[in-house]
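Have a look at the structure below, then the notes.
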Amino acid sequence: MSINMPVGSARPGILDGIRVLDFTAMMSGPYCTRLMADLGAEVIKVEPPEGDHIRLRPPLRDGRSAYFAQLNAGKSSIALDLKQPVARKLIYELVPRCDVLVENYRPGVMRRLALDYETLAKLNPKLVYCSISGFGQEGSWSGRSAYAPVLHATSGYDMANLDYQEGNVERPLKNGIFIADVLGGSTAFGAIQAALFRTLKTGQGDHVDVSLLDAMVSMLVYECQEAQFPAERRRPLYRPTQASDGFLLVAPVSQNNFEALARGVGHSEWISDARFATSSAREHHWSELMNLLDDWAASRTAAECEAILTDAGVPCSQYRTIRETMALPPIQERGVFEEINDGAGPLRIPNPAFRFAHSAANVRNKVPALGEDGPRLLQSLLGLSPQAIAALRESKVLRGAEERTVAAAE
C-alpha cells in the first residue's frame, strides 16, 4: 500500500461490530473512544441533558466547537438524565447489547448511579468496562479532582521539566497541552483492546482501571530511574540552536551522528578534538559544542541549516508552529488529516497515528449534535415506539439539541 493512498472507510475496520457505551466527557475518555470509532466501533456517547462541557469550548464556528469535533467525531449522541430511574433502566437494557463501556467520572459516581461494573457485569458478563480517573478507582486519593495540569504537577513532570531548563527560571513552566489526558486516553484505548482479546479467548469481560497519574509516571522513564540512582552529572540536553531567523534542534545522538555533524558544518577537525572525540568527552564539553553550533548557524537561516544537516545525515529540525507542521510533506503524504463537516463547515482532524495494511483507521465524517441520535437508538436497539420516545421527552428523561436551544432562549 502506498503511503499516499487515501485513508478511506471502504475497507473494513478492525472494530466493526463492536458497540461502545461512552460515558465520557472533557478529553481523556473522549480521546479513547474516538480512536475506537476511527476503527469502526459504534460509539454511543451518553451525555447529560446539558451536554459535554467541551461542546462550549472554542474554537467555535456557528455555535459548534471544533475542539469537540476532534474528540467526538464518528460517535452517536443520546442525552439522558441519569438521575431519573427510567433513564438508568434504559441503560440496563442497552448494556447487554454492548461490548464495551468507558467512563471517566470521578470514582464513586457510577456506583451512586447504580451503573458500576459489578452491577452491569451481571447484565452482560462479557462487558469490558473501562474507568479512567486521575488517581485510580481505589486508595486514599481516588476521590480527588484531577485535571491534566494538576496531574502534570503531581506526577513530577513539571519539576523534571523545570530542572532541565537553563538560566534563571525560578518556577515551573506553564503548559496548555494536556499531556496527561492524551496519554491516559491512549493507554485506555490499548488496555481495552487487550481486554477484548481476553473476552474473545475466555468469554469473560473485565474491569479496566486507568489512572492518569500512573500514565504520567510511566512516561518519565529516565527520571524514575535517576530518582533512585542519581547520575554523576546531568545528561546532555539538546537545546535550541540559534539561526539568523529562528531556531533549530540538532541531535547528534550517536558517534556517527556527531561525525556527520562535524563534516556537515565544515569542521571535521572536531572529530579529533579531545573535547569532542568521544561521547564521554562531549558530555563534559557539551555547552562548548552547542556554542560552536550557534556560531555556525548565526549567518544562516534555520531552513538552510536544516537542509545542510539533513543532507549530511544529522538528525535535526527547525522549530515549527503546528500550522506549519500541518503543511509538511510527510503529513500530506500519509494522509494524517481527514476533512469532515461538523455542520458548521469543513474542518481537518488528525487520523490515528497508526495505519493498517488491510483495515481502515480514519476519522469518520459525523459529529453528533447533543442527543440527536437518541430516538433512533432507542427505536433500533430497544424497539421503543415513537409514542414511548415522545413520553420520555415529555418527562425530561430524554433530551435533544433543539430542547436545549429552547431552554437557553427562555
Original post:
Looking just at side-chain N and O atoms, do Ser145 and Arg106 make a donor-acceptor pair shorter than 3.5 Å?
Top reply: yes
Subject >> Student check: side-chain heavy atoms of Thr310 and Cys316 closer than 4.5 Å >> reply: yes
Original post:
Any sub-3.5 Å donor-acceptor pair from Asn124's side-chain atoms to Val95's backbone N or O?
Top reply: yes
**OP:** For Gly184 and Leu212, work out which heavy atoms get closest and say how close.
**Re:** CA-CD2, 3.5 Å
Subject >> Carboxylate-amine/guanidinium proximity below 4.0 Å for Asp373 and Arg376 >> reply: yes
Original post:
Are Asp81 and Gln84 linked by a side-chain donor-acceptor pair shorter than 3.5 Å?
Top reply: yes
Original post:
Donor-acceptor pair, Arg355 side chain versus Arg334 backbone, under 3.5 Å?
Top reply: yes
Original post:
Is any side-chain N of the basic residue among Arg399 and Glu47 closer than 4.0 Å to the acidic one's carboxylate O?
Top reply: no
Original post:
So, does Gln242 use its side chain to make a donor-acceptor pair with the main chain of Phe247 at under 3.5 Å?
Top reply: no
**OP:** Apply side chain to side chain donor-acceptor pair (under 3.5 Å) to the pair Thr33 and Lys75, showing each step before the final yes or no.
**Re:** CA-CA 9 Å; Thr33 51; Lys75 304 177 186 180; 2.7 Å; yes
Original post:
So, Asp16 side chain and Pro12 main chain: donor-acceptor pair closer than 3.5 Å or not?
Top reply: no
Original post:
Quick check: does any side chain N or O of Glu288 sit under 3.5 Å from a backbone N or O of His285, one acting as donor and the other as acceptor?
Top reply: no
**OP:** Return yes when atom CE of Met159 has more than 12 non-hydrogen atoms of other residues, nucleotides or ligands closer than 6.0 Å, and no otherwise.
**Re:** no
Original post:
Is there a side chain to side chain contact (heavy atoms under 4.5 Å, CB included) between Ile91 and Leu80 once you walk through the steps?
Top reply: CA-CA 9 Å; Ile91 298 299; Leu80 294 171; 3.9 Å; yes
Original post:
So, Thr24 versus Asp22: side-chain donor-acceptor pair below 3.5 Å or not?
Top reply: yes
Original post:
Does the ring centre of Trp286 sit less than 6.0 Å away from the ring centre of Tyr238?
Top reply: yes
Original post:
For Phe276, is the NZ or CZ atom of Arg282 found under 6.0 angstrom from the centre of its six-membered ring and inside 45 degrees of the ring axis?
Top reply: no
Original post:
With no hydrogens and no angle check, is any side-chain donor or acceptor of Gln255 less than 3.5 Å from a backbone partner on Ala277?
Top reply: yes
**OP:** Write down the atom of Ile308, the atom of Gly264, and the distance for their closest heavy-atom approach.
**Re:** CG2-O, 3.5 Å
Subject >> For His152, all residues meeting ring pair (Phe, Tyr, Trp, His ring centres under 6.0 Å), sequence neighbours excluded >> reply: Tyr157
Original post:
Quick check: are there more than 12 heavy atoms from other residues, nucleotides or ligands sitting under 6.0 Å from OH of Tyr147?
Top reply: no
Original post:
Would Glu93 and Lys89 pass as an ion pair if we require N to O under 4.0 Å?
Top reply: yes
Original post:
Do Arg300 and Ser244 pass the side chain to side chain donor-acceptor pair (under 3.5 Å) test, and can you show the C-alpha distance, the side-chain angles, and the key distance before you say yes or no?
Top reply: CA-CA 5 Å; Arg300 298 170 173 85; Ser244 64; over 6 Å; no
Extract all donor-acceptor atom pairs below 3.5 Å that involve side chains of residues 125-132 and protein atoms in other chains or at least two apart in sequence.
{"residue": "Tyr129", "atom": "OH", "partner": "Leu115", "partner atom": "O", "Å": "2.8"}
{"residue": "Ser131", "atom": "OG", "partner": "Glu103", "partner atom": "OE2", "Å": "2.7"}
{"residue": "Ser131", "atom": "OG", "partner": "His207", "partner atom": "NE2", "Å": "2.9"}

**OP:** Kindly determine whether Phe23 and Leu21 satisfy side chain to side chain contact (heavy atoms under 4.5 Å, CB included), including the steps that lead there.
**Re:** CA-CA 6 Å; Phe23 290 85; Leu21 273 177; 4.0 Å; yes
**OP:** Flag the pair Asp342 and Lys366 as a salt bridge only when some basic side-chain nitrogen lies within less than 4.0 angstrom of an acidic carboxylate oxygen.
**Re:** no
Subject >> Side-chain donor or acceptor of Ser65 paired with backbone N/O of Arg57 under 3.5 Å >> reply: yes
Original post:
Counting only heavy atoms not in Glu138, do more than 12 fall under 6.0 Å of its CD?
Top reply: no
Original post:
Counting only heavy atoms not in Arg235, do more than 12 sit closer than 6.0 Å to its CZ atom?
Top reply: yes
Subject >> Sequence-distant partners of Gln204, side-chain hydrogen bond (donor to acceptor under 3.5 Å, both in side chains), two or more places apart >> reply: Arg198
Subject >> For Gly134 against Ala146, the heavy-atom pair lying closest together >> reply: CA-CB, 3.7 Å
Original post:
Do you see a donor-acceptor pair shorter than 3.5 Å between the side chains of Asn351 and Glu338?
Top reply: yes
Original post:
So does Phe197 have more than 12 non-hydrogen atoms from other groups sitting under 6.0 Å from CZ?
Top reply: no
Original post:
Between Arg275 and Asp273, is there a salt bridge with N-O shorter than 4.0 Å?
Top reply: yes
Subject >> Short N-O contact, Glu42 and Arg364, less than 4.0 angstrom >> reply: no
**OP:** Using a strict 4.0 Å threshold on nitrogen-to-oxygen distance, state whether Arg239 and Asp294 make a salt bridge.
**Re:** yes
**OP:** Determine the minimum heavy-atom distance between Gly29 and Asn104, stating which atoms define it.
**Re:** N-ND2, 3.5 Å
**OP:** Say whether, by atom type as modelled, one donor and one acceptor occur between the side chain of Gln70 and the main chain of Ala66 under 3.5 angstrom.
**Re:** no
